[in-house]
2 protein chains.
Amino acid sequence: MAKSATASEAKTATKTGGKTSRTRLDDETAQQQILSAADRLFYERGVQAVGMDAIRDAAGVSLKRLYQLFPSKEHLIEAYLRHRDALWQSMLDEHVDARTDPRERILAVFDFLRDWSSQPDYRGCAFIRTFNELRATSPHIAEMATHHKDGFRAELVELAREAGADAPEQLADQLILLSEGAITRCAMAGSSAPATRAREAAAAILDATLN
Amino acid sequence: MAKSATASEAKTATKTGGKTSRTRLDDETAQQQILSAADRLFYERGVQAVGMDAIRDAAGVSLKRLYQLFPSKEHLIEAYLRHRDALWQSMLDEHVDARTDPRERILAVFDFLRDWSSQPDYRGCAFIRTFNELRATSPHIAEMATHHKDGFRAELVELAREAGADAPEQLADQLILLSEGAITRCAMAGSSAPATRAREAAAAILDATLN
DNA sequence: GACATCGGAGAACGAACGTTCTCCAAAGAC
DNA sequence: GTCTTTGGAGAACGTTCGTTCTCCGATGTC
């Protein structure tokens, strides 16, 4: 529909006095706008369903510039996943670090999932979705997705260890199942209720596991 | 359906005499071959990554015939999901009905997931993957996927009820999280170990929930 | 035999995609 | 001023995809 509004962002008025001359965006700004547009579109529709033209329109840059900064769509998808990884880390840490009690810190993971899945543009896990879309055609990107999950698992193992679990890896693996389940169910059901259920189940598992 | 006794319908490949002439497949056989090929390719690579040409090649039928039996790719995807739904139901029921103890019947769900995810061509849940691929472009197919999940939930609620759970729906929702988590993790990790972890976690939840 | 019908193989078509190229106006150097 | 450089807008290119169409040999009927 009306995507002219986004296109008008193409050239920002520079700080040069009253004259709003159309000047070239510096690389950093252009990169941010492209990444922001790619993140929004890739996450909403999936990487395969979004063309480079759509990203150019949403970012307000020329195709030439887009390819200067990201030499191929695969490069852009990689940047998208790196961006999502950083976003995920910061959101998760924010919730976990707000607590000090080890048991509460574990449950904070599920508070994070509840908050995250409550956002209207929530579409589940970008890594799982990209993995499923590209595992057959792009092993490198598939490996980025598994690497992200490895990081999440490591964080859960650490939290389980801090909580004094006898078998922190086993506990972490069980908590991962609840997390992944919640992430997926919230996306399909369009509700954050599964995250709440996951928190309850996690609490039950912690009760049964921690002494 | 109407089985008109026209001779043209039944032109199966019978080797009349020494000549092994390639004769037309009857509709039923052609439909099965197409569906089998579509199932294999769609499930392995995802629906978007598989073209109609690839399905024609794998099924060994002409494009003309393919479109006679399935008027569009969307029709074929629908048939694929219906086929997967039946497959899932039969595999699940086979495991659950092998047990009589209500608690064991619940845990049989996770035995099924372990067996299923051990298959070399295992690629996770076709419904979640198709939902994620097409939710933005094909609401009807997305709804088929959610409908499948509703059916699975109903089955778990029934099993929880038979096991005498005080809150069968809540228990079912927690078990769904473990199931979905296991389905996804097994696919990404390329291992059935997450299904085993899910069974352990489910047992812990049942211990805490059932009296 | 002649004639009509059917369907397979694959070309063809229009759209969409990832990527590259052309044209030209604007900015900077002298 | 002129010359050079830059990069934006978008056309163009080559491929792929979903879908349709053409050709032609094989078959059924008389």
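Computation of the quantities below employed the complete heavy-atom set of this structure, encompassing side-chain atoms and omitting hydrogens, waters and symmetry-equivalent molecules. Please read these numbers as outputs of a predicted model, since none were measured by experiment. Per chain, numbering begins at 1; letters A, B, ... match sequence-line order.
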Sub-3.5 Å donor-acceptor pair from the side chain of B:T146 to the main-chain atoms of B:E143, do we have one? yes
* Asked: So is B:R84 actually on top of B:Y43's ring, under 6.0 Å and inside 45° of the axis?
  -> yes
Checklist line | CD (A:E28) with more than 12 external heavy atoms under 6.0 Å | finding: no
Whole-Å distance, B:R65 CZ to C:dG8 C1', equals 10 Å
B:D57 atom CG is separated from C:dA9 atom C1', nearest whole Å, by 11 Å
Each nucleotide N or O in nucleotides 14-16 of chain C that has a protein N or O under 3.5 Å away: list the pair and distance.
none

Contacts of A:F70 meeting ring-ring contact (aromatic ring centres under 6.0 Å, His included) (sequence neighbours excluded), chain-then-number -> none
Protein heavy-atom contacts under 4.0 Å, written 5' to 3' over nucleotides 12-24 of chain D as B (base), S (sugar-phosphate only) or - (none), form the string ------SBB----
**Request:** Give the intermediate values and the outcome of side-chain hydrogen bond (donor to acceptor under 3.5 Å, both in side chains) for residues B:D85 and B:H148.
**Result:** CA-CA 7 Å; B:D85 189 59; B:H148 166 84; 2.6 Å; yes
Note to self: Check A:D97 with A:R105, please: is the shortest side-chain N to carboxylate O separation under 4.0 Å?
What the structure shows: yes
Salt-bridged, B:R153 to B:E169, with N to O below 4.0 Å? yes
So that I know where these two stand, are B:W88 and B:F152 an aromatic pair - ring centroids less than 6.0 Å apart?
yes
